[in-house]
Amino acid sequence: MQGLRVVDLGCGFGWFCRWARETTPDPAVAYARRDLEKLDFDDGAFEVAYSSLVLHYIENLRDLFGQVHRGLVPGGRFVFSVEHPMYTAPGKPGWTRDPDNRLAWPVNRYADEGARSTDWLAKGVIKQHRTLASYVNLLIETGFTLSRLEEWCSSAEQIAAHPDWAGTEERPSFLLVSAQR
Ligand SMILES: C[S@@+](CC[C@H](N)C(=O)[O-])C[C@H]1O[C@@H](n2cnc3c(N)ncnc32)[C@H](O)[C@@H]1O
């Protein structure tokens with residue numbers, strides 16, 4: 001990563017940026033408050049675009065992917081995670097407990113894309129549900145080459161360490177994507 005220009009889209013508290021700041025002698029981290037729906041990057045402004053658990057809040061993902069493509073140098077990397085479509089899909093959103101007290105997340109109308117209201121930290125948080133195919137096809141249509149895709153599920157070891165995660169091994173929680181311009 002040394003010497004690379006990296007943009008962290010939707011950094012939140014800035015964990016990823018601060019790791020960078022703490023582990024490099026050059027504190028070359030700049031923070032900007034921007035609406036990701038209205039970005040206007042310069043051509044070839046960075047080598048890596050990264051985003052952790054943000055893009056499922058974005059309504060116009062086609063425009064944002066276009067901006068990221070434009071902002072990356074040729075060969076630049078776009079690495080992001082989103083809540084897995086299995087989790088953004090439910091028609092009746094929200095974690096529930098099954099009779100064995102295992103976490104369950106009802107999944108309905110997977111193919112019906114668009115806004116979903118969920119109660120997560122606050123009531124009525126709006127997330128945008130997209131199918132896995134839509135994420136991939138949008139990348140391809142924007143001109144990205146898909147490098148790797150992971151559907152993260154908790155492992156048996158993690159369930160053993162966090163028994164309250166029981167149920168999260170049954171379906172993927174996160175979609176992790178690496179693409180290249
Ligand atoms: C779940 S947090 C993830 C934060 C951080 N990336 C992390 O992994 O810790 C989602 C973040 O997306 C940001 N976000 C959502 N919609 C946004 C938008 N339209 N423009 C900019 N940031 C947005 C929120 O402000 C929030 O910080």
Side-chain angles (χ1 to χ4, degrees), residues 1 4-24 27-42 45-72 76-90 93-95 103 105 107 113-132 134-135 138-139 142 144 147-155 158 161-162 164-165 167-168 171-181:
M1 299 291 285
L4 300 183
R5 294 165 300 167
V6 181
V7 64
D8 179 0
L9 302 165
C11 69
F13 292 114
W15 293 352
F16 181 73
C17 321
R18 287 191 185 150
W19 292 341
R21 181 170 281 177
E22 284 171 9
T23 55
T24 57
V29 181
Y31 295 88
R33 187 172 290 172
R34 299 272 163 75
D35 182 355
L36 294 175
E37 305 268 10
K38 297 175 186 156
L39 287 180
D40 189 14
F41 286 134
D42 291 335
F46 36 83
E47 281 78 29
V48 178
Y50 166 87
S51 184
S52 161
L53 297 175
V54 175
L55 302 185
H56 52 270
Y57 293 102
I58 302 303
E59 220 175 315
N60 191 344
L61 198 58
R62 185 177 293 276
D63 273 11
L64 177 54
F65 277 7
Q67 281 297 324
V68 172
H69 191 270
R70 175 175 155 186
L72 281 169
R77 294 275 175 184
F78 182 23
V79 180
F80 66 85
S81 62
V82 287
E83 285 189 10
H84 194 281
M86 292 281 285
Y87 279 85
T88 55
W95 288 101
L103 281 173
W105 186 277
V107 174
E113 299 187 307
R116 299 283 200 275
S117 175
T118 67
D119 296 342
W120 181 77
L121 295 181
K123 280 202 174 297
V125 175
I126 303 297
K127 298 179 184 177
Q128 302 293 331
H129 167 62
R130 292 179 179 86
T131 64
L132 179 54
S134 286
Y135 280 111
L138 210 49
L139 284 168
T142 308
F144 285 105
S147 309
R148 195 167 179 87
L149 195 143
E150 297 280 349
E151 296 176 284
W152 186 88
C153 294
S154 38
S155 63
Q158 286 166 323
H162 305 276
D164 58 322
W165 290 9
T168 61
R171 58 191 74 81
S173 307
F174 305 116
L175 174 64
L176 314 176
V177 180
S178 174
Q180 190 163 23
R181 180 183 161 167

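When a ligand or atom number is given, it counts from 1 through the structure's own listing order. Numbers here simply count residues along the sequence, with the first being 1.
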Listed once per pair and sorted, the salt bridge (Lys or Arg N to Asp or Glu O under 4.0 Å) pairs that draw on residues 6-15, sequence neighbours left out: none
Do any side-chain atoms of residues 58-65 form donor-acceptor pairs under 3.5 angstrom with protein atoms, and if so which ones, sequence neighbours left out?
unit_1, atom_1, unit_2, atom_2, d
N60, OD1, D63, N, 3.1
N60, ND2, D63, OD2, 3.1
R62, NH1, E141, OE1, 3.1
R62, NH2, E141, OE1, 3.0

Heavy atoms of other groups near D42 CG, more than 12 under 6.0 Å: no
Ion pair check, R5 and E47, cut-off under 4.0 Å: yes
Minimum-distance pair of heavy atoms, taken over all atoms of G10 and L36: N-CD1, 3.9 Å
Results of salt bridge (Lys or Arg N to Asp or Glu O under 4.0 Å) for D164 - residues two or more places apart only: none
Residues in contact with ligand 1, criterion: heavy atom under 4.0 Å: G10, C11, G12, R34, D35, L36, E37, S52, L53, V54, Y57, I58
